[in-house]
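Here's the structure, in structure tokens; my notes come after.
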Amino acid sequence: ARARRIPLAPPPAPSSLTAWRARARRRHFLLITLIVMSTITALIYASVLPRHLTVERSVGLGLSVLALVALMCTAMSDPGIYPRHSKPLEDSWTYSEYAQSYRPAGVIYCQQCQVLIEEYNHFCPWSGIVIGKGNEPFFQVFITSTVLALLYDVVIVSMILHGLAF
């Protein structure tokens with residue numbers, strides 16, 4: 001005897017108030033990320049780095065500003081939202097119970113954002129948005145510039161604290 005498969009019940013559609021609260025909570029994470037990154041940058045370049053090191057200041061601030069701009073571009077760009085379809089447009093499409101839609105391969109339903117996303121990567125709490133086909137390049141610039149800014153700041157601060165000349 002073959003076991004009968006019980007289909008998953010789709011999640012209830014959120015009320016407009018619930019959806020608004022979820023979007024506001026995601027925006028709070030973005031705001032907190034922006035404040036933390038800006039504060040760390042300001043503390044390092046206002047209180048630790050001597051004012052006469054203009055080239056070092058410019059490089060570090062440039063990396064930090066690039067990271068903040070890339071974060072904003074990631075958060076404000078379309079991640080690759082795919083429209084919902086009540087009928088498959090091709091034979092290879094599958095039905096998603098959660099999305100209540102047919103979708104092609106490579107399109108995933110994001111439960112946090114409650115949309116279908118092309119080339120879904122992950123939901124990023126720091127930007128408050130899902131990372132997908134549309135904003136992946138901005139996200140890569142954000143990650144790269146943040147790591148470079150962090151490494152640069154650590155090297156510069158450690159050189160200053162240990163009295164090493166430039």
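Nearest heavy atom pair, residue Asp153 against residue Ser64, reads OD2-OG, 4.5 Å. Scanning all heavy atoms of the two residues, the minimum distance from Gln140 to Glu136 falls at NE2-OE2, 2.6 Å. Minimum heavy-atom separation, Gly132 to Ile117: CA-CG2, 4.0 Å. Nearest heavy atom pair, residue Ala70 against residue Val141, reads CB-CG1, 3.8 Å.
Here the side chains of Pro104 and Tyr82 are in contact, with some heavy-atom distance below 4.5 Å. Taking the side chain as every heavy atom from C-beta outward, His85 and Trp93 approach each other to under 4.5 Å. Side-chain contact between Cys73 and Asn135 is absent, with no heavy atoms from C-beta onward closer than 4.5 Å. You'll find the side chain of Cys110 reaches within 4.5 Å of the side chain of Tyr120, heavy atoms only. The shortest distance between side-chain heavy atoms of Arg84 and Tyr109 falls below 4.5 Å. You'll find the side chain of Ser127 reaches within 4.5 Å of the side chain of Leu71, heavy atoms only. You'll find the side chain of Val130 stays beyond 4.5 Å of the side chain of Gln112, heavy atoms only. The side-chain heavy atoms of Thr39 and Thr41, taken from C-beta on, include no pair separated by under 4.5 Å.
Leu68 and Leu43 fall into different hydrophobic clusters, where Ile, Leu, Val, Met, Phe, Trp and Tyr are joined by side-chain heavy atoms under 4.5 Å apart, directly or via other members. Under the 4.5 Å side-chain heavy-atom criterion for grouping Ile, Leu, Val, Met, Phe, Trp and Tyr, Ile40 is connected to Leu61 within one hydrophobic cluster. If you chain together hydrophobic residues whose side chains sit under 4.5 Å apart, Phe138 and Ile131 never meet in one group. Residue Tyr152 is grouped with residue Val36 when hydrophobic side chains (ILVMFWY) are merged at heavy-atom distances under 4.5 angstrom, including chains of intermediate members. Val107 and Tyr95 fall within the same hydrophobic cluster, defined by Ile, Leu, Val, Met, Phe, Trp and Tyr side-chain heavy atoms under 4.5 Å apart, directly or through other members.
Between atom NZ of residue Lys87 and atom OG of residue Ser101 there is a gap of 13.0 Å, rounded to the nearest 0.5 Å. Here Asp78 contributes atom CG and Ile129 contributes atom CD1; the two are 7.5 Å apart, rounded to the nearest 0.5 Å. To the nearest 0.5 Å, the span separating OG on Ser96 from CG on Leu116 amounts to 6.5 Å. In this structure, Ile156 CD1 and Arg57 CZ are separated by 11.0 Å, a value rounded to the nearest 0.5 Å. Within the model, atoms CG of Leu30 and CG of Leu34 stand 4.5 Å from one another, a figure rounded to the nearest 0.5 Å. Note: Leu89 CG to Tyr102 OH = 11.0 Å, rounded to the nearest 0.5 Å.
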Pair His122-Phe139, ring pair (Phe, Tyr, Trp, His ring centres under 6.0 Å): steps then yes or no: CA-CA 11 Å; His122 69 284; Phe139 181 73; 5.1 Å; yes
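The aromatic rings of Trp126 and Phe29 sit perpendicular, their planes meeting at an angle over 60°, well past the 30° parallel limit.
The backbone N or O of Phe142 sits less than 3.5 Å from a side-chain atom of Ser145, completing a donor-acceptor pair. Side-chain atoms of Arg103 do not come within 3.5 Å of backbone N or O of Ile108 as any donor-acceptor pair.
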